[in-house]
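What follows is a set of notes on a single structure, which appears directly below.
Because the structure is predicted, anything quoted here is derived from the model rather than measured. We use all heavy atoms of the structure for the numbers below, so side chains are in, but hydrogens, waters and symmetry mates are not.
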Amino acid sequence: MTSASPVPVLDALDDLVQAVRDVWADVLETDTASVPADISFLSLGGDSVLAVRMAALIRKRLGVNLALSDVRVEHTAAHLAALLHERGIAGGLPRSLPLDLERRKDPDAPFPLLPLQQGYFVGQQDAWELSYRSAHHYVDIGLEDIDDEEIAEALQDALERLAEHQSVLRARILPDGRQRILPLDDPDAMPRLRVTDLSTAGEEEIATQLSAIRREMSTEGPDPAVGCGLDMRLTLLPGHRARLHSSTSLLIIDGWSSGVFYRDLFALVSDYNAVLAPLEVDFGDYVTSLRDLPDTEEWRQDRDWWWNRLDDFPLPPALPLVADPAEVRPTLMGTRQAVLDAERWAALRAHCAEHGVTPSAAMFAVFSAAVARACGHRRFLLNTLQLNRLPLHPDVPRLVGAFSSTMLMPVELPENPVFSDLAISAQQAVSDALAHHLVSGVEVSRELGRRRGTRRPVAPVVFQSTLGVDAALGSEVPHEAGPLGRIDLLSHHQQLRTPQVALELRLFELRGELVVVFSLVEELFAAEDVDRLFQDVVSTVESLVEKEAWSASVTLPTTGDAPQSDTVGTAPGGRLSVPPAQDLSGEEPGPPRDDLERAVAAEWAELLECAVTDRAADFFALGGDSLLAVRMLGVLARKGVGRVTPRRFLERPTVAGLADAVRDGGPATAG
């Protein structure tokens, strides 16, 4: 699987082939002579993350607008050159990106949230099960040989300069579910560093203080709906050491952006006079440019591709539960972590290249097989997190922002595979899905939930890989940063809080090592079940260092689909697999019966732009979604109609149900 079927390179394409090879050489950090025209991007070490950077360079150097689906990692330079040539002659094919990125006329004006941002925002309103007051990622890292006198001032100065450069660090989320950038002269615009001086403290006090800081920052993350979306702190320790703590809202920073953020921050800390290359666009420009995407034929084609498959999608994996997700109120996700050293990780990556698969695809196959063994069946639905940056402008890869998108991945494993076949199948399935990435997984999940008649999460088991981000960014986080001294990334502590997620596997690289992390809602699972699943993943990853493991048979359950159970979603004995449909059949239909029901119906009609004449009408069946629901409830509260929590509304999302919820809540207070 090193390349697709060959395309003859005509004399007229010679210059274009050479230009593509030059771009690939820059992206892959090699020389052009090492990039043959007939070898796939994947076989040369490329992956879907590097493809984003490659597409942006193609646009910048050759002036051709490509969709990510045009730069599939299986393609050769000759294939891509032929496609570029055809674009130049035909003036654009159907799969070209239908948008151009333009600067906003008013940089202070509000702009929409992207679909995954909407999901995080709604999750923070307690609108879904497995929600949190803030969706964020916390990490602290070790610093050695710091400059005790300069470090705090240098770090604060760098934060302010970076917030001026990367405007999304000044973002705020509005109550109606939009976002805006605070101007530089706003007194609340800049992130503020907090310093704890333990440089003369004893070991016991240090351990207590660090534990308290970690607990606070992990459970009370930053929320751009009420303040800055970045909380950064510095703890000074004896012996010219320190811990750098950072808690970032998932509403403003994704995995790729984290890499950009730290590289830019450390560059500015290292040199008071450092000037980052200017950005011609910002995150708000990118989001605003996507506003018309659903009106394009390309978006409709991707929507139809997903919609035509939804009725055949399997259920989530039927992992055994010890609690009902609807009843759990988690405050912190549990963590399991393991590391594969650089030497073994390099050997595993080499085996991936030999089999024509990306490391991420191989790890997806590992996770799928382990989940199958844990849930007892081979066919199920997983969720994946994708670094989905459309290459609308060469600066897009350099922006900080919440660009990420989810993508639903149906898994159907064969009965007696060898591992290499699983990895190759995973590569093909992921590539096919990525070729239809204009419709996000959040939008697909909403439609799947509508068809299944449920408001519960339809894909709460998640796979996330940021493998390859360092290569895509062109460098790794530096080892030293001026007053910060030596940066010890391997000495790190982290926590994640992601709404609507029961269990998530995360994979990333640090200093050449592979880090494997489980983040999960501990209250849902028996500890021994989680430990067994995690060890299954880790041991399989370790086995793939040896070449023989790729041709070994993989033990999988004999059962295909999840077993049906009357105890789904309950405990004890419950299973994660089936989100039960809501039964609204008992709602008595007919026109609204009183002023309260008529007020609710009128508000729905205005928001959803359709007639609402039936008190039994379902908000979501009428075209509503979770963000619109939060917005609608806010409007009703401000108008004095009544206050209802999103979670209470979801129990009976009808006109009559909402009216009853208002009555149950007693008199409303406008505001």
**Study point:** All side chain to side chain donor-acceptor pair (under 3.5 Å) counterparts of T196, not counting sequence neighbours
**Key:** none
Check your understanding: Any donor-acceptor pair under 3.5 Å linking the side chain of D395 with the backbone of R398?
Key -> no
Revision key, fill the gap. With sequence neighbours left out, the residues meeting side chain to side chain donor-acceptor pair (under 3.5 Å) with S258 are none
Review point. Would you find a donor on one side and an acceptor on the other, under 3.5 Å apart, between the side chain of R263 and the backbone of G259?
Key: yes
Exercise for review: State, yes or no, whether a side-chain contact exists between R243 and S491 at a heavy-atom distance under 4.5 Å.
Suggested key: yes
Practice item. Establish, yes or no, whether the cationic atom of R336 lies under 6.0 Å from the six-membered ring centre of F534 and within 45° of the ring axis. Key: no
**Study point:** Results of side chain to side chain donor-acceptor pair (under 3.5 Å) for S440 - residues two or more places apart only
**Key:** E443
Review point. Can you tell me if Q386 and H437 form a side-chain donor-acceptor pair at under 3.5 Å?
Key: no
Check your understanding: Is any side-chain heavy atom of L113 less than 4.5 Å from a side-chain heavy atom of R178?
Key -> no
Check your understanding: What pairs meet the side chain to side chain donor-acceptor pair (under 3.5 Å) rule with one or both residues in residues 480-489, with sequence neighbours excluded?
Key -> D145-R486
Check your understanding: Do any N or O atoms from the side chain of S257 and from the backbone of V400 form a donor-acceptor pair under 3.5 angstrom?
Key -> no
Check your understanding: If we only count heavy atoms from C-beta on, is the R133 to E220 side-chain gap below 4.5 Å?
Key -> yes
**Study point:** Under 3.5 Å: donor-acceptor pair, side chain of N383, backbone of A459
**Key:** yes
Exercise for review: For the residue pair V516 and F508, establish whether any side-chain heavy-atom pair is separated by less than 4.5 Å.
Suggested key: no
Practice item. Side-chain contact test, heavy atoms from C-beta onward, threshold under 4.5 Å: evaluate it for F518 versus R506 and give yes or no. Key: no
Practice item. Enter the distance from H493:NE2 to M217:CE here, rounded to the nearest 0.5 Å. Key: 10.5 Å
Exercise for review: Could you grab the distance from atom CG of L524 to atom CG of L503, nearest 0.5 Å is fine?
Suggested key: 9.5 Å
Practice item. Find out whether V281 and Y286 are in side-chain contact, i.e. whether some heavy atom of one side chain is under 4.5 Å from a heavy atom of the other. Key: no
Point to revise | Side-chain (T208) to main-chain (E204) donor-acceptor, under 3.5 angstrom | key: yes
Review point. Among side-chain atoms of Q337 and H492, is any donor-acceptor pair under 3.5 angstrom?
Key: yes
Practice item. Would you confirm whether S249, through its side chain, and L251, through its main-chain N or O, come within 3.5 Å as a donor-acceptor pair? Key: yes
Point to revise | S404 and D254 side chains, donor-acceptor separation under 3.5 Å | key: yes
Exercise for review: Report yes if some heavy atom in the side chain of S519 is under 4.5 Å from a heavy atom in the side chain of V517; otherwise report no.
Suggested key: yes
Revision key, fill the gap. d(L514 CG, E542 CD) to nearest 0.5 Å is 10.0 Å
Check your understanding: Without hydrogens or angle criteria, can the side chains of E144 and H240 be said to hold a donor-acceptor pair below 3.5 Å?
Key -> no
Practice item. Mind checking ring-ring contact (aromatic ring centres under 6.0 Å, His included) for F463 and listing every partner two or more places apart, or none if nothing turns up? Key: F364
Study note, to complete from the structure: So CD1 of I213 and CG of D140: to nearest 0.5 Å the spacing works out to 8.5 Å
Check your understanding: Could you give the distance from CG (D536) to CG (D531), rounded to the nearest 0.5 Å?
Key -> 12.5 Å
Exercise for review: Look at the side chain of R21 and the backbone N and O of T32, then say whether any donor-acceptor pair between them is shorter than 3.5 Å.
Suggested key: yes
Residues 221-228, side-chain donor-acceptor partners within the protein, below 3.5 Å, at least two apart:
unit_1, atom_1, unit_2, atom_2, d
D223, OD1, Q124, NE2, 3.1
D223, OD1, A225, N, 2.9

Review point. Should the pair H245 and Y138 be assigned to parallel (<30°), tilted (30 to 60°) or perpendicular (>60°) ring geometry?
Key: parallel
Review point. How are the rings of Y262 and F266 set relative to one another: parallel (under 30°), tilted (30 to 60°) or perpendicular (over 60°)?
Key: tilted
Check your understanding: Quick check: does any side chain N or O of R161 sit under 3.5 Å from a backbone N or O of L268, one acting as donor and the other as acceptor?
Key -> yes
Check your understanding: Does the side chain of D285 pick up a donor-acceptor pair with the side chain of T288 at under 3.5 Å?
Key -> no
Review point. Is the count of non-hydrogen atoms from other residues, nucleotides or ligands lying under 6.0 Å from R215 atom CZ greater than 12?
Key: no
Exercise for review: Decide if the gap between the ring center of F41 and the ring center of W24 is smaller than 6.0 angstrom.
Suggested key: yes
